[in-house]
Amino acid sequence: MKVLVVGSGGREHALLWKAAQSPLVDRLYAAPGNAGMAPLAELVPWNGDVEALADWALGEGIDLTLVGPEAPLVEGIADAFQKRGLLIFGPTQKAAMIEGSKAFAKGLMERYGIPTARYRVFQDPILALEYLEEVGVPIVIKDSGLAAGKGVTVAFDLHTAKQAVSNLLSGPEGGEVVMEEYLEGEEATVLALTDGETILPLLPSQDHKRLLDGDQGPMTGGMGAVAPYPMDAAILRRVEEEILKPLIQGLRAEGVVYRGVVYAGLMLTREGPKVLEFNARFGDPEAQALLPLLQSDLVELALRVAEGRLKGAELSW
Ligand code: AMP
Ligand code: GLY
């Protein structure tokens, strides 16, 4: 098989490294890839245009494509490939909305009773600041759209909170913020493969998001990750039953079949696991910690996901 990995970071390098071990693979490609991936794959120059990449893949006879980052998913890369009859591991544009719009994700969680922080969505800075005065701190302020993991402010004083709201809403083209209840607990990530029907959770992992030692400093896209995170089996079952199943079934009830990997960023609170965010892809850097532990063939699994044949699949670690 000819397999293409889309992206250029550490996560995509981990995906390639794992794919290279599959007996199903004859040739690997990375678009755009990076210099470190060159020993594993042919690097394909790519400017981010999803339709152009799908045309290239069709011409080259790519059998399966694995998508690393969120931006092309939100752009509709899966739709572009599927339209040409190409197999792709990654959700469609509609399904990727669970990451592309935090306001959409929160609404979905509300509709299907998925535990998460209480929240309000604002576009008007005046209303947002009024609400802030009313509820006070601590509060969490999030850019509703994609922000590479840097769109969140956890504010413990009103000044910081107001500044975050102004920064997000005062630009010329406006914006949308989600303001939500501050949750306390330990954070963990649960990723799961799904073909829209079967849900296969991977080992839990833990990301470390703040820039400085001792959880000081601003949020980043991720400073490093640990896997496996020793999550209690009962908690993991709750994550499956209360979070992953209602998410995938809820999307399906709304006509959206989610195929790919789904990322649940969780706060393990006293009342149980609650969702901080959903992502439509592998975590970066969680993938780098997790994929080396996986014994099963990633390419075979990705094929089964893309073809809707995940039922009966098992993972070994
Ligand atoms: P997100 O991009 O939504 O995962 O948020 C980035 C980080 O902000 C998370 O990994 C948490 O550390 C923190 N965070 C997000 N939402 C909350 C919340 N409701 N309560 C406490 N911390 C949060
Ligand atoms: N490591 C956080 C993320 O991938 O969103």
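Whatever order the structure lists them in is the order used to number ligands and atoms, beginning at 1.
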Visitor: Would you mind checking if Lys102 and Glu176 are paired as a salt bridge, meaning a charged N to carboxylate O distance below 4.0 Å?
Guide: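 Looking at Lys102 together with Glu176, the answer is no, because their closest N to O distance does not fall below 4.0 Å.
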
Visitor: Using heavy atoms and a 4.0 Å limit, tell me yes or no: is Pro285 in contact with ligand 2?
Guide: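 Yes.
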
Visitor: May I ask which of Lys209, Met267, Arg210, Arg118 has a heavy atom nearer to atom 6 (C) of ligand 1 than the others do?
Guide: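 Heavy atom nearest to atom 6 (C) of ligand 1 belongs to Lys209.
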
Visitor: Please report the shortest heavy-atom distance between Asp195 and Arg304, naming the atom on each side.
Guide: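 Looking at all heavy atoms of both residues, the shortest contact is CB-O, 4.4 Å.
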
Visitor: Enumerate the atoms of ligand 1 whose separation from the nearest heavy atom of Tyr182 is less than 4.0 angstrom.
Guide: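 That gives atoms 20 (N), 21 (C) of ligand 1.
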
Visitor: Could you tell me which atoms of ligand 1, counted from 1 in the order shown, lie closer than 4.0 angstrom to a heavy atom of Leu183?
Guide: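 Atoms satisfying the 4.0 Å criterion: 18 (C), 19 (N), 20 (N), 21 (C).
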
Visitor: Minimum distance, heavy atoms only, to atom 2 (C) of ligand 2: which one of Thr220, Asp207, Leu276, Asn279 is it?
Guide: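 Nearest heavy atom to atom 2 (C) of ligand 2 lies in Asp207.
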
Visitor: Can you name the atoms of ligand 2, numbered from 1 with element, that are less than 4.0 Å from a heavy atom of Glu286?
Guide: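 Matching atoms, with element in brackets: 1 (N), 2 (C), 4 (O).
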
Visitor: In this structure, does ligand 1 have an atom that sits under 4.0 Å from one of the heavy atoms of Glu184?
Guide: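 No.
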
Visitor: Show the nearest heavy-atom pair for residues Pro285 and Asp207, with the distance to one decimal.
Guide: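 Smallest heavy-atom distance, with atoms named: CD-OD1, 3.6 Å.
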
Visitor: Does anything in residues 1-36 form a ring pair (Phe, Tyr, Trp, His ring centres under 6.0 Å)? List the pairs, not counting sequence neighbours.
Guide: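 Counting only pairs at least two positions apart or across chains, the ring pair (Phe, Tyr, Trp, His ring centres under 6.0 Å) contacts touching residues 1-36 are Tyr29-Trp56.
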
Visitor: Should the pair Arg281-Glu286 be classified as a salt bridge under the 4.0 Å nitrogen-to-oxygen rule?
Guide: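 Salt bridge absent between Arg281 and Glu286.
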
Visitor: Between Glu184 and Arg270, does at least one N-O distance fall below 4.0 Å, as a salt bridge requires?
Guide: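 Not counted as a salt bridge, because no side-chain N and carboxylate O are separated by less than 4.0 Å.
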
Visitor: Checking Ser101 now: which residues fulfil side-chain hydrogen bond (donor to acceptor under 3.5 Å, both in side chains) with it, not counting sequence neighbours?
Guide: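 With neighbours one apart ignored, the set is empty.
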
Visitor: Could you tell me, atom by atom, which parts of ligand 1 come under 4.0 Å of a heavy atom of Lys142?
Guide: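 Answer for ligand 1: 3 (O), 15 (C), 16 (N).
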
Visitor: Taking side chain to side chain donor-acceptor pair (under 3.5 Å) as the criterion, tell me which of Glu110, Glu180, Lys142 meets it with Tyr119.
Guide: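 Of all the options given, the one that passes is Glu110.
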
Visitor: Answer with side chain, backbone, both or neither: which part of Val140 has a heavy atom less than 4.0 angstrom from an atom of ligand 1?
Guide: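 Side chain only.
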
Visitor: Closer than 4.0 angstrom: is that true for some heavy atom of Arg11 and an atom of ligand 2?
Guide: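 Not so, Arg11 does not reach ligand 2.
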
Visitor: Give the atoms of ligand 1, by number and element, whose distance to some non-hydrogen atom of Glu180 is under 4.0 Å.
Guide: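 Near Glu180, meaning under 4.0 Å from one of its heavy atoms, ligand 1 has 16 (N), 17 (C), 18 (C), 19 (N).
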
Visitor: Atom OG1 of Thr269 and atom CD of Glu186: how far apart are they, to the nearest 0.5 Å?
Guide: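 Going from the OG1 atom of Thr269 to the CD atom of Glu186 covers 12.5 Å.
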
Visitor: Going by the order shown, which atoms of ligand 2 are within less than 4.0 Å of some heavy atom of Arg281?
Guide: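 Checking each atom against Arg281, I get 3 (C), 4 (O), 5 (O).
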
Visitor: Which atoms from ligand 2 have a heavy atom of Gly283 less than 4.0 Å away?
Guide: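 What qualifies from ligand 2 is 4 (O).
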
Visitor: Any idea which atoms of ligand 1 are less than 4.0 Å away from a heavy-atom of Glu187?
Guide: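 What qualifies from ligand 1 is 9 (C), 10 (O), 11 (C), 12 (O).
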
